[in-house]
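A short worksheet on the structure shown next.
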Amino acid sequence: EHTKEREELKRELKTKEAKYTLAKSKLDTLDKEYKDYVAKHKQLLNQAEETQRAIFEQQKQHRSLEAQIKQLKLQKDQESDMKSILDDMREELTLLKEQNR
């Protein structure tokens, strides 16, 4: 009778060990998947931050270029105004020369 009990206990132990091994294997798999997920998440966050920084930098450059373009247009307008004034003065000078003849 002791032998039967002992055999039964051995079978139960083997069954429990097998269940434990299976559960441990599943847990290890889940743990690895979770760690991979966390690493990937971290990587994506870093990538997003990097992209955001690049966008911000491009916007800054864009604003700077727009300001330069405005400045150049203003300068061009001023030069055009000066040229018009100079042309008017030349015309006036020509008229004055003709009047003095």
Side-chain angles (χ1 to χ4, degrees):
E1 195 175 301
H2 269 320
T3 315
K4 268 188 180 180
E5 259 183 54
R6 191 171 281 166
E7 289 300 315
E8 183 65 35
L9 286 173
K10 276 184 182 178
R11 267 196 306 273
E12 278 181 34
L13 182 63
K14 280 192 178 193
T15 303
K16 286 182 179 178
E17 282 176 344
K19 284 181 182 177
Y20 169 80
T21 303
L22 186 64
K24 175 88 171 86
S25 173
K26 283 182 182 177
L27 181 65
D28 289 347
T29 301
L30 283 174
D31 189 51
K32 186 191 178 315
E33 285 175 6
Y34 176 74
K35 285 177 179 166
D36 289 348
Y37 167 80
V38 168
K40 184 70 175 168
H41 183 69
K42 226 180 214 178
Q43 180 187 357
L44 288 173
L45 280 178
N46 288 339
Q47 225 175 319
E49 278 180 29
E50 199 57 45
T51 302
Q52 193 64 39
R53 265 194 292 275
I55 289 170
F56 180 74
E57 196 55 43
Q58 282 181 340
Q59 288 172 338
K60 214 165 95 175
Q61 287 175 351
H62 184 76
R63 284 192 300 273
S64 173
L65 285 173
E66 281 181 335
Q68 285 177 353
I69 288 169
K70 249 184 208 174
Q71 194 62 41
L72 287 171
K73 281 182 181 174
L74 197 65
Q75 194 176 333
K76 184 181 171 216
D77 289 347
Q78 286 174 342
E79 286 172 4
S80 180
D81 289 349
M82 294 296 261
K83 188 180 179 301
S84 289
I85 291 171
L86 194 60
D87 287 346
D88 288 348
M89 289 176 86
R90 279 194 185 120
E91 198 175 311
E92 214 175 298
L93 187 61
T94 304
L95 287 173
L96 282 171
K97 280 182 182 175
E98 284 178 11
Q99 279 179 359
N100 281 340
R101 282 187 191 161

Quiz item: Hey, is CD on Gln71 packed in by over 12 heavy atoms from elsewhere, all under 6.0 Å?
Solution: no
Quiz prompt | Basic-acidic side-chain contact under 4.0 Å: Asp28, Lys24 | solution = yes
Quiz item: Taking the side chain as C-beta and beyond, is there a heavy-atom pair between Arg11 and Lys14 under 4.5 Å?
Solution: no
Self-check item: Distance (rounded to the nearest 0.5 Å) between Lys10 NZ and Glu7 CD
Solution: 5.0 Å
Quiz prompt | Separation between NZ of Lys16 and OG1 of Thr21, rounded to the nearest 0.5 Å | solution = 14.0 Å
Quiz item: Under 3.5 Å, is there a donor-acceptor pair linking the side chains of His62 and Glu66?
Solution: yes
Exercise. May I ask you to check whether over 12 heavy atoms, not counting those of Arg6, lie within 6.0 Å of atom CZ?
Key: no
Quiz prompt | Pair Gln99-Leu96, side-chain contact (heavy atoms from CB on, under 4.5 Å): steps then yes or no | solution = CA-CA 5 Å; Gln99 279 179 359; Leu96 282 171; 3.9 Å; yes
Exercise. Show your reasoning for whether side-chain contact (heavy atoms from CB on, under 4.5 Å) applies to Leu65 and Gln68.
Key: CA-CA 5 Å; Leu65 285 173; Gln68 285 177 353; 3.6 Å; yes
Quiz item: How many angstroms lie between OG1 in Thr29 and NZ in Lys26, if you round to the nearest 0.5 Å?
Solution: 9.5 Å
Quiz item: Checking salt bridge (charged side-chain N to carboxylate O under 4.0 Å, His left out) for the pair Arg101/Glu98: CA distance, chi angles, key distance, verdict?
Solution: CA-CA 5 Å; Arg101 282 187 191 161; Glu98 284 178 11; over 6 Å; no
Practice problem: Look only at the side chain of Ser64 and the backbone of Lys60, and say whether a donor-acceptor pair between them is shorter than 3.5 Å. | Solution: no
Practice problem: First locate atom CD of Gln75, then atom CE of Met82, and finally report the distance between them rounded to the nearest 0.5 Å. | Solution: 12.0 Å
Exercise. Find out whether Glu92 and Leu95 are in side-chain contact, i.e. whether some heavy atom of one side chain is under 4.5 Å from a heavy atom of the other.
Key: no
Quiz item: Got a second to check how far Leu22's CG is from Glu17's CD, nearest 0.5 Å?
Solution: 13.5 Å
Self-check item: Gap between atom NZ of Lys97 and atom CZ of Arg90 - 0.5 Å precision
Solution: 11.0 Å
Quiz item: Any salt bridge between Asp31 and Lys35, counting N to O under 4.0 Å?
Solution: yes
Practice problem: Just do the salt bridge (charged side-chain N to carboxylate O under 4.0 Å, His left out) check on Lys73 and Asp77 with the steps written out, would you? | Solution: CA-CA 6 Å; Lys73 281 182 181 174; Asp77 289 347; over 6 Å; no
